[in-house]
Structures are given as structure tokens and as C-alpha cells.
Amino acid sequence: MKNSTFYITTPIYYVNDVPHIGHAYTTVAADVAARFYRMHLGAENVFFLTGTDEHGAKVALSAEKNNISPQEFTDQKSAAFQTTWDSMSISYNDFIRTTEKRHKKVVHEFLKTLKNAKTPQGNHALYEAEYEGLYCVGCEAYKFETDLVDGKCPDHGTEPELLKEMNWFFRLSDFTEILTEKINSGELVIRPESRANEILGLLKQGLQDVAISRRKVEWGVDLPFDTDQTVYVWIEALMNYISALGGPKGKLFSRFWPANCHLVGKDIVKFHAVIWPAMLMALDIPIPQQVFAHGFFTIDGSKMSKTRGNVIDPNELIDLYGTDATRYLLLSQFHFGADGDFSRDRLKNMYNAELANELGNLVNRTISMTDKYFSAVVPEYNVDYDKFFEFDLQTDWNRYDQHMQLFQFEQALEVIWGNVRRCNAYIDEQKPWELANTDRDVLADVMYNLLETLRHIAIMLYPFMPEKSVELLKQLGFDAGSEFSQPLDDLKLWSRLPLGQKLSKGAPLFPRIQLEDHA
Ligand code: MSP
């Protein structure tokens with residue numbers, strides 16, 4: 001098990017679409033994980049990759065419809081993804097585009113190696129044969145009759161093309177047993193368990209060989225040993241995870257491969273948990289450690305689609321709520337891994353209830369009271385008072401770490417919000433405004449407990465809301481940069497907030513949004 005470095009990837013997104021919150025959901029989740037591991041392992045030991053999938057019939061068709069060359073089209077669209085990720089504070093280490101030379105070079109190397117490779121049964125991994133069957137351009141995937149509803153692709157509502165052409169095939173069927181073994185032994189972890197069972201079910205039926213090239217698709221990487229063919233877009237797309245590391249001889253490869261986690265939506269698990277590891281085995285390359293598949297969400301109960309006109313642009317949410325709140329709202333709504341529903345109304349209510357009222361108010365009133373009662377200086381506390389804060393926080397850090405490692409983001413947020421709510425209740429119980437007249441010693445303890453818990457909250461929040469976390473630390477009087485350069489184990493200790501530190505009250509972290517302002 002590779003523990004000292006962490007390599008996480010998102011799918012590379014098709015550029016025929018504009019970035020929407022479906023893409024943002026996976027990308028923000030990967031960013032949260034990357035930031036969490038950077039805190040644990042050090043930034044230099046984490047590699048976070050995202051990018052765009054730019055070849056194939058679907059992209060070429062979209063370019064044609066827009067009357068521009070595929071290259072110009074992909075340049076524009078890929079840039080739109082990068083701009084969106086920048087405005088969402090996505091801290092990717094690299095952004096790979098499949099039209100880049102570095103990618104094509106590795107794809108060529110891999111295909112040449114595959115041409116001579118053998119399967120576990122000793123057969124040639126690749127062979128040429130006639131393919132006769134259906135292909136859905138929208139999915140960029142081969143289809144069986146049983147995949148269709150009334151003869152149409154259920155996802156795209158279109159009739160798939162009938163293909164009859166000579167292609168190169170990968171002998172996936174020879175990998176059924178070895179893949180089953182790897183999944184059962186935990187060498188390849190598929191999460192959540194329901195997805196692992198789905199894949200094991202597929203394996204039980206036996207795998208079929210897959211075509212890895214197309215004859216008439218020009219917008220692609222040509223097959224090095226048969227230039228009449230281009231590599232099937234999915235096959236070369238999967239290779240991005242290694243081409244971005246400079247190929248199997250690259251320095252980054254030796255540091256970061258195998259990937260700790262390919263984070264994907266449930267729609268593309270089979271490609272990542274079956275075809276990709278089988279190809280890697282044929283190439284004699286270690287397989288990824290984990291494929292985590294999150295669920296799909298609907299918008300106000302219906303599938304998000306261009307035809308329904310209900311696609312949400314992440315920039316729309318950022319304009320309304322700001323970057324960090326958007327990140328929070330995306331990940332806090334439902335269990336990561338399960339399907340869920342987004343409703344614009346619920347987003348607003350949650351913003352006001354959880355961010356403006358609960359967290360925002362807590363910060364605001366704690367800092368204002370310290371300002372009023374102790375001239376904005378962290379007061380000296382009396383030891384041993386309210387030990388439970390310290391004790392609970394230690395347990396909470398353990399719970400938080402575990403949830404984060406298992407991609408249980410909403411549960412990690414629950415741990416943070418448990419502290420937010422506890423502090424709000426504590427203020428209501430202790431009534432600092434009364435203590436100010438009756439017992440200044442207890443008042444000092446109460447304010448210290450609140451301020452110090454806010455420091456812990458700020459650190460736990462960092463992966464989710466990096467800017468707000470820094471703002472909160474600043475309000476507590478810290479220089480966030482030097483704070484985050486400390487070992488995390490030190491930051492987790494109780495009473496690191498220096499006595500006498502001067503606070504610096506700032507603007508409200510989450511100004512309330514009037515619901516009627518935004519219909
Ligand atoms: N290009 C392929 C991936 C190749 S990876 C080697 C692809 N691209 S895609 O643009 O269609 O992106 C699919 C991914 O977008 C899903 O796996 C998921 O991560 C995300 N989502 C798209 N719509 C979504 C929802 N409605 N809900 C949640 N995630 C969604 O497939």
C-alpha cells in the first residue's frame with residue numbers, strides 16, 4: 001500500500017459540453033481530498049490531476065456544428081473548464097488535454113507494447129476482427145440491444161449507429177478471473193460497496209472483448225501499427241492518468257503511481273474498474289488502488305440535461321453564494337456515493353441556515369464579544385475549566401480524519417457543524433453578557449473555549465472552504481500561511497491559541513441572502 005504520497009484524479013471531461021455542476025461535483029470532491037492529504041502528507045507529496053477529453057466523433061461533430069476546426073473548438077472549450085476550475089479554487093497540480101503531444105506520445109508507446117503483450121492465459125492481448133454492432137456517439141460507447149429502450153439510447157434518446165468495420169480488439173475476456181481475484185483480495189478497492197458488487201456481478205457473467213480502435217473517426221490518435229485506424233476515444237482517455245505523469249518512465253510516475261484513487265461518477269465505473277486495470281495488467285503496470293464512484297444527482301427531481309434546460313452552471317452558484325459556499329453546498333447535501341437531488345430553493349435555505357446563521361453568526365458574535373469584553377485580545381483563562389471541549393475535539397479530529405479518508409464528506413462536515421452548534425448552544429447557556437457583570441474569570445474561560453474551538457473549526461474547514469478558513473484564522477489574529485506550515489498534529493492540539501493574541505474583526509463570513517432577491 002502506497003501511503004507516503006497521494007495521487008487522485010477526476011475523469012477528464014468531454015469538451016462538447018460546457019462545465020456544469022455535475023462536473024463540478026466530482027472536481028470539488030477531488031480538490032477537497034487533495035487539500036486534506038496535503039495537510040497530512042505535505043503539499044509536495046500530493047498530486048491532483050484533472051483535464052479534458054478532446055478526441056472522438058462526438059467532439060468532432062460539435063466542432064463541425066460550430067463551424068470551426070476541432071482543434072480551435074477544443075482549445076476554447078478546454079479553456080472554459082480551466083477558468084471554471086480556477087473560479088472554484090480547484091488546486092489541481094496538472095491539467096491534461098488529450099490533444100497534447102505528451103499524451104499522444106504515451107498512447108503510442110502503450111499501444112505498441114499492447115500489440116506484443118500477452119493475456120494471463122498466454123493469448124495475444126490484441127487481435128483484429130470485424131466489429132458488427134451498435135455505437136452511441138453521445139455516449140462514445142458500444143451498445144447491445146439490451147442497453148436500448150425502444151431501440152434508442154436511454155441517455156441520449158437517439159438511435160445508435162450500426163457499425164460494421166474491421167477493428168482491433170483487446171482480449172478483455174481473458175482478464176475475468178484475475179480481476180475478480182484482485183477485487184476480492186482488496187488489491188483493487190471499488191467503493192461504495194454497491195458499485196463493487198455491481199462490477200463483481202458483471203465479472204460473474206464473464207467479460208466480452210472490447211474494440212480499441214475505430215476506422216472512420218479521424219479526430220483521434222492514430223494507431224501506431226495500423227494508421228487506417230484511430231484509437232477508440234475511451235481507451236486513450238484512460239491513459240491520461242499515466243501520460244500526465246510523463247509515462248511509465250517519468251519521475252512523477254515513480255513517485256505517484258499507482259493512483260490512490262480515481263474519483264468518478266457511477267456512469268463510468270466499468271471503464272475504470274474493469275477495462276483500465278485489465279489494460280494495465282497487460283502492460284505489466286501496477287493497477288490503481290481504488291476507484292471511488294459517487295452517485296448522480298438530479299435537479300428538482302429531474303435528470304439534468306440540455307434538452308430539459310435545467311443544467312446548472314457552477315458560475316451561477318458562485319455569483320450567488322461565492323466560491324466557498326458553493327463548494328460547501330455541493331458536498332453537504334447528501335451522502336457522497338449515493339444519488340441525490342439538488343433544488344435551488346434548498347440551496348438558499350441551507351446557505352442562510354448553516355452558513356449565515358450557524359457558522360457566520362457564531363464567528364461574528366464570538367469576535368464581537370471578545371472585542372467588547374476584552375478589547376479584542378484573547379483572554380487569559382483559568383486552567384481546567386470546561387475540559388470537555390478539549391476532550392471532545394480530540395475525538396472529533398479522529399472522526400473527521402476517518403470520514404475524510406473514506407470520502408464521507410458530508411459526515412466530516414457534520415463533525416465540524418457539531419462543534420459550531422455546540423458553541424452556539426454554549427453561548428446561549430453561559431450568557432457571556434451576564435457573566436460580564438457577575439464573573440469575569442468564568443467569562444474569560446468561556447471566551448477562550450469559543451475562540452479556540454473556532455480555530456479548530458477553521459482548520460477542519462480548510463479542505464472544503466479554503467478562503468473562508470484563512471479569513472477566519474485572520475480574524476482570530478493568525479497569519480494563516482505560517483499557521484498552515486505547522487505540522488497538522490500540532491494544530492490539532494488544544495490551547496494553541498496564544499493568550500493575549502490580538503483579534504482582527506472582519507466583514508461577516510457569510511452575509512445573509514434575502515430569499516426573495518433571487519427568484
Ligand atoms: N470523458 C469521459 C471520462 C473519461 S475519464 C478517462 C466522460 N466525460 S463527461 O464529461 O461525460 O463526464 C462524466 C463525469 O461527470 C461523470 O463521471 C461524473 O463524474 C460527472 N457528472 C456528470 N453529470 C453528473 C451528474 N448529474 N451528477 C453527478 N456527476 C455527474 O465521461
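Whatever order the structure lists ligands and atoms in, that order sets their numbers, starting from 1. Quick caveat, the model's predicted, so the values are computed rather than measured.
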If the cut-off is 4.0 Å to any non-hydrogen atom of [X], which atoms of ligand 1 fall inside it?
{"X": "G295", "answer": "28 (C)"}
{"X": "I268", "answer": "17 (O), 31 (O)"}
{"X": "A237", "answer": "6 (C)"}
{"X": "H20", "answer": "22 (C), 23 (N)"}

- Query: Looking at residues at least two apart in the chain, or sitting in another chain, which of them share a side chain to side chain donor-acceptor pair (under 3.5 Å) with T27?
  - Reply: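 For T27 the side chain to side chain donor-acceptor pair (under 3.5 Å) partners, ignoring immediate neighbours, are Y13.
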- Item | Residues in side chain to side chain donor-acceptor pair (under 3.5 Å) contact with T230, at least two apart in sequence or another chain |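 Applying side chain to side chain donor-acceptor pair (under 3.5 Å) to T230 gives none.
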Are [X] and [Y] an aromatic pair by the rule of ring centers under 6.0 Å?
{"X": "F334", "Y": "F342", "value": "yes"}
{"X": "F292", "Y": "F336", "value": "yes"}
{"X": "Y328", "Y": "F464", "value": "no"}
{"X": "F95", "Y": "W85", "value": "no"}
{"X": "H23", "Y": "F81", "value": "yes"}

Does [X] reach ligand 1 with a nitrogen or oxygen that is under 3.5 Å from one of the ligand's nitrogen or oxygen atoms?
{"X": "M304", "result": "no"}
{"X": "T26", "result": "yes"}
{"X": "I12", "result": "yes"}
{"X": "F297", "result": "yes"}

Write out the residue and atom name of the closest protein heavy atom to [atom], then the distance separating them to 0.1 Å.
{"atom": "atom 12 (O) of ligand 1", "value": "Y13 CD2, 3.5 Å"}
{"atom": "atom 6 (C) of ligand 1", "value": "Y241 OH, 3.5 Å"}
{"atom": "atom 11 (O) of ligand 1", "value": "Y14 CD1, 3.6 Å"}

Taking only non-hydrogen atoms of [X], do any sit less than 4.0 angstrom from ligand 1?
{"X": "W276", "result": "no"}
{"X": "F271", "result": "no"}
{"X": "H294", "result": "yes"}

- Judged by atom type as modelled, is there a donor-acceptor pair below 3.5 Å linking the side chain of D147 to the main-chain atoms of F144?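 Side chain of D147 to backbone of F144: a pair is present.
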- Message: Show, in sequence, the C-alpha distance, side-chain angles and deciding distance for N16 and S62, and conclude whether the side chain to side chain donor-acceptor pair (under 3.5 Å) test is met.
- Response: CA-CA 6 Å; N16 62 300; S62 300; 4.5 Å; no
- Item | Options V264, D267, D53, ranked by nearest heavy atom to atom 17 (O) of ligand 1, top entry |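 Shortest heavy-atom distance from atom 17 (O) of ligand 1: D267.
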- When rounded to the nearest 0.5 angstrom, what distance separates NE2 in H156 from SG in C139?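 One finds 4.5 Å between NE2 of H156 and SG of C139.
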